[in-house]
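Within every chain, numbering begins at 1; the chains are lettered A, B, ... in the order of the sequence lines, protein sequences first and strands thereafter.
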Number of protein chains: 2
Amino acid sequence: MQHHLDKIDTKILSLLQQNSNRTTKSIATELGMTTTPVFERIKKLEKQGYIKKYVALLNNKKIGLKQTVFIGITLQGHTRSYLEKFVTQINNFPEVIECHRVSGNFDYLLKLVVEDIEAYETFIITKLTLLPYLGNVQSLITLSTGKETNEIDLSRV
Amino acid sequence: MQHHLDKIDTKILSLLQQNSNRTTKSIATELGMTTTPVFERIKKLEKQGYIKKYVALLNNKKIGLKQTVFIGITLQGHTRSYLEKFVTQINNFPEVIECHRVSGNFDYLLKLVVEDIEAYETFIITKLTLLPYLGNVQSLITLSTGKETNEIDLSRV
DNA sequence: TATAAATAAGAATGTTATTCTTAATATGGT
DNA sequence: ACCATATTAAGAATAACATTCTTATTTATA
C-alpha cells in the first residue's frame with residue numbers, strides 16, 4: 001500500500017504546505033495547467049488522506065504564550081492500563097501540544113506552550129506532579145527557536 | 001504591547017486553528033453575526049500578525065515518512081559564532097523540522113521526520129556527526145504519539 | 001451631551017470554487 | 001500493433017464565496 005504521487009501531486013502538496021490559501025488558479029498557472037485538473041487533484045489528495053487538514057498557524061508570542069518547554073518523563077510502574085490513563089490525562093492538559101511515547105532515556109516526551117516560566121512551574125506543581133507513578137522529570141526550557149515548521153520536504157518521497 | 005483580542009476574536013482564531021477552510025459565512029453564522037464584520041476581523045488578525053499563515057497539514061506516514069525522532073545535543077565549544085553556524089547547518093537539513101536552543105541537560109533539541117529508523121541512522125552518520133564540536137548526542141525514537149497539534153488553547157489568553 | 005471613532009448590517013460586485021461536457025492521453029489485453 | 005477502457009486535462013457554465021461600498025448603529029471620549 002505505497003503511495004502513488006507523481007511530480008504534480010508532490011508539487012501541489014508542497015505549495016499547499018507553504019500556503020493553503022492560494023487559489024487553485026494561481027497554483028495551476030505556476031504548474032502550467034488549468035484549474036480543473038489541479039482542483040481535482042487537490043480533492044483527491046484530501047479524500048485519500050494525504051492532506052489531513054487546513055489550519056491557521058497563530059503567533060503564540062503575540063497572543064501571550066511566549067514560552068515553549070519540553071519535558072522528558074519516566075514512569076515507575078508500566079502496566080498497560082496505567083500508561084493509557086497517563087496519556088489520556090496528559091492529552092487533556094491544554095498546555096500540552098505534543099505527547100510522544102519514546103524509547104531512549106525517557107518514556108514520554110511532552111511539548112508545552114505556556115505564558116511564561118511561572119505558568120510552567122504552576123503546570124508542574126498543580127498538574128503534572130499530581131499524576132501517580134512519576135519517575136524522573138526533566139525539563140528543557142526553550143531559549144530560542146531556530147526552526148519550527150510542519151512543512152515536510154517532499155523531494156524525498 | 002499587550003494584545004487586545006475580544007471574545008469574538010479569540011473564537012474566530014480558535015475556529016481557524018481547527019479548520020482554516022471554513023467559509024466566512026459559516027463562521028459568522030456560528031457566531032450569530034454577518035459575514036462583513038467577521039471578514040474584517042479576520043483580515044485585521046492577519047495584518048496584525050496574530051495569524052502567521054495558513055497551511056495544509058499532511059499525513060506524514062501516508063507519504064512514507066513514518067518515523068519521528070527527537071535528538072538532544074550538547075556542544076563542546078560554545079563560541080557565539082559557532083553556535084550560529086551550527087544552527088544554520090541544522091536548519092538546512094530537510095529531515096529537521098524543529099531546532100530549539102534549550103537550557104537543561106542539552107544545548108539543543110531537534111525534531112526530525114524521516115522515512116524509518118534506517119533513514120535516521122543515515123542522517124546521524126552522514127550528516128549530524130560530521131558537524132564539529134558535537135558533545136553528547138541522545139536520541140529519543142518515537143514509538144507512538146498521543147497528541148500532536150499546533151492548536152493553542154485560547155481560553156487562557 | 002455632542003462629536004468622533006469603531007463596529008456592524010445589507011446590498012452590490014468581482015473572483016473563485018465547483019460542476020459538467022468533451023477531448024486527449026495513457027494503459028492493458030489480445 | 002490495435003482496440004477498448006480508464007485516466008487525465010481542457011474549456012465553458014454555474015453557483016458560491018470573498019471583497020468592497022454605503023449606510024446605520026453602537027461605543028468611547030472630551
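- Rounded to whole Å, atom P of D:dT26 lies 14 Å from atom CE of B:M33.
- The separation between A:D9 atom CG and D:dT8 atom P is 9 Å, rounded to whole Å.
- Considering all non-hydrogen atoms of both residues, B:F39 and B:T24 come closest at N-CG2, 3.6 Å.
- One can place CG of B:L31 at 15 Å from C1' of C:dT7, the figure rounded to the nearest angstrom.
- One interatomic measurement links the two molecules: CD1 of B:I27 to P of D:dA16, which rounds to 19 Å at whole-angstrom precision.
- Aromatic ring pairs are classed by plane angle as parallel below 30°, tilted from 30° to 60° and perpendicular above 60°; the pair B:Y133 and B:Y82 is perpendicular.
- Put simply, CD1 on B:I42 is 15 Å from C1' on C:dT7, counting in whole angstrom units.
- Distance A:D6 CG to D:dT8 C1': 10 Å, rounded to the nearest Å.
- The residues A:R156 and B:E95 are annotated as not salt-bridged, no charged nitrogen and carboxylate oxygen being separated by less than 4.0 angstrom.
- For the residue pair A:Y120 and A:E115, no side-chain donor N or O sits within less than 3.5 Å of a side-chain acceptor on the partner.
- Taking the ring axis of B:Y50 as reference, the NZ or CZ atom of A:K62 stays within 45° of it and closer than 6.0 Å to the ring centre.
- Protein atom NZ of A:K44 is 16 Å distant from nucleotide atom P of D:dA6, rounded to whole Å.
- Summarising the geometry, the separation between CD on A:Q48 and P on D:dT7 is reported as 12 Å, rounded to the nearest angstrom.
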Nucleotide N/O to protein N/O under 3.5 Å, stretch nucleotides 18-22 of chain D:
{"from": "D:dA18", "atom 1": "OP1", "to": "B:T24", "atom 2": "N", "distance (Å)": "3.2"}
{"from": "D:dA18", "atom 1": "OP2", "to": "B:T24", "atom 2": "N", "distance (Å)": "3.3"}
{"from": "D:dT19", "atom 1": "OP2", "to": "B:K43", "atom 2": "NZ", "distance (Å)": "3.4"}

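- Remark: B:E40 does not engage B:K44 in a salt bridge, criterion side-chain N to carboxylate O under 4.0 Å.
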